[in-house]
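All remarks here apply to the structure that follows.
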Protein chains: 2
Amino acid sequence: MRPTSTELEFLKLLWKESPRTARELHQELEGILQWGYSSTRKTLDRMAEKALVTVTKEGNVNLFAPQVDKVKTLASFAADFAKRVFELDGPLPTAMFTGSKLIDDDEIDQLEHLLEQLRKEQEQ
Amino acid sequence: MRPTSTELEFLKLLWKESPRTARELHQELEGILQWGYSSTRKTLDRMAEKALVTVTKEGNVNLFAPQVDKVKTLASFAADFAKRVFELDGPLPTAMFTGSKLIDDDEIDQLEHLLEQLRKEQEQ
DNA sequence: CATCCCATGCGACATGAGTCGCATTTCTTT
DNA sequence: AAAGAAATGCGACTCATGTCGCATGGGATG
């Protein structure tokens with residue numbers, strides 16, 4: 001299942017460093033989202049239900065870690081976007097994501113592979 | 001206001017040819033969306049409320065036409081996507097949309113301009 | 001003119017996401 | 001051990017969107 005925009009923000013943080021507590025994640029997002037702590041927790045709970053993150057009880061706190069792969073997730077977003085918005089069916093241009101702070105060169109290679117795969121699957 | 005995915009589909013059709021009736025639009029989307037005619041109409045109604053399309057009563061039928069610009073709309077999607085998913089702040093790669101069946105070379109030029117503008121506005 | 005069809009206006013329901021608050025449980029610190 | 005702080009579980013509300021159905025009204029046709 002594709003995460004929502006907000007969920008993607010949480011995943012990005014977790015991809016950088018995990019596991020983390022709800023409180024830690026909340027503090028990082030506070031400035032941007034202007035949320036109450038409850039909202040952060042609820043979102044995290046729902047992400048757990050959807051298997052986007054795992055929860056591990058460590059003593060009395062819950063630790064969250066990503067349960068979906070970063071490159072796969074980004075690839076899915078890219079493919080969806082290209083098709084839905086621009087109706088691009090062919091191979092997606094690499095240039096689309098070079099320059100992103102989120103992924104390094106290695107990961108860009110993986111991304112391309114995945115996109116190519118997605119494209120083929122969809123062809124059928 | 002940014003259209004939803006579904007609304008974008010309607011806009012795409014209207015950009016190709018307008019004005020059109022709900023019935024005509026419905027027939028084009030029937031295959032893809034598997035919707036009842038009521039759903040099509042409701043969506044169109046709501047798009048009118050949001051000023052995404054205009055409605056003109058022609059006799060006893062309503063004619064719909066796009067009320068938002070194609071290139072502007074696509075640019076807004078592209079900018080949002082690049083930032084939200086890949087955290088690209090710099091100029092967006094042109095390659096992102098070359099090859100799209102939706103826009104011709106002229107429009108690609110416009111798109112680039114708009115993206116550059118959006119980027120600058122956002123910098124502040 | 002009576003009838004039938006299609007268009008419209010509009011109400012309605014379900015689900016998901018955004019957003020919070022509260023009561024209960026569990027640490028930690030005197 | 002008692003008290004206070006912090007974490008959790010979970011319910012709840014609102015709004016947008018997807019998705020229909022129904023009742024009403026105006027044209028076309030025999």
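Within every chain, numbering begins at 1; the chains are lettered A, B, ... in the order of the sequence lines, protein sequences first and strands thereafter.
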Looking at every strand, decide which applies to B:Thr6 at a 4.0 Å heavy-atom threshold: base, sugar-phosphate, or nothing. sugar-phosphate
Using every non-hydrogen atom in the two residues, find where B:Leu14 and B:Ala65 come nearest and quote the distance to one decimal. CD1-C, 4.2 Å
Gap between atoms CD and C1', on B:Glu7 and D:dT19 respectively (whole Å): 14 Å
Within the pair A:Lys50 and C:dA17, is there a side-chain N or O less than 4.0 Å away from OP1 or OP2? yes
Rounded to whole Å, how long is the line connecting atom OH of A:Tyr37 with atom P of D:dA5? 17 Å
ring-ring contact (aromatic ring centres under 6.0 Å, His included) partner of B:Phe86, chosen from A:Phe81, A:Phe77, A:Phe97: A:Phe97
Interatomic distance, A:Glu49 CD vs D:dC10 C1' [rounded to whole Å]: 11 Å
Would you kindly compare B:Phe64 and A:Thr4 by the position of their nearest DNA chain C nucleotide and give the one closer to the 5′ end? B:Phe64
Taking the side chain of B:Val61 as its heavy atoms from C-beta onward, which of C:dA7, D:dT8, C:dT26 lies nearest to it? C:dA7
dist B:Met47:CE -> B:Thr54:OG1 (nearest 0.5 Å) comes out at 10.5 Å
Candidates C:dT8, D:dT8, C:dC20 - which lies nearest the side chain of A:Lys42: C:dC20
Under 4.0 Å, heavy atoms only, any strand: does B:Ser38 hit a base, just the sugar-phosphate, or nothing? base
Within this structure, what is the CE-to-P distance between B:Met1 and D:dA16, rounded to whole angstrom? 8 Å
Which nucleotide sits closest to the side chain of A:Arg46: C:dA17, C:dG9, C:dA12? C:dA17
Between CG on residue B:Leu111 and CG on residue B:Asp106, distance to nearest 0.5 Å: 11.5 Å
On the six-membered ring of A:Phe64, is A:Arg20 placed so that its NZ or CZ lies under 6.0 angstrom from the centre and within 45° of the ring axis? no
Assuming nearest nucleotide by heavy-atom distance, tell me which of A:Thr43 and B:Arg41 is located more 5' along DNA chain C. B:Arg41
Counting side-chain heavy atoms from CB outward, which of D:dT8, D:dT19, D:dC10 is closest to A:Asp45? D:dC10
Rounded to whole angstrom units, what separation is found between the CD atom of B:Glu9 and the P atom of D:dT17? 15 Å
C:dG18, D:dG18, D:dA7: which one has an atom nearest the side-chain heavy atoms of A:Arg23? D:dA7
In whole angstroms, the gap separating P of D:dC20 from CH2 of B:Trp35 amounts to 8 Å
Please determine, for the side chain of B:Asn62, which listed nucleotide (C:dT8, C:dT19, C:dT26) has the closest atom? C:dT8
In whole angstrom, what separates A:Glu30's CD from C:dC20's P? 11 Å
Nearest-Å distance for atom pair CG/P, residues A:Leu29 and C:dG18: 12 Å
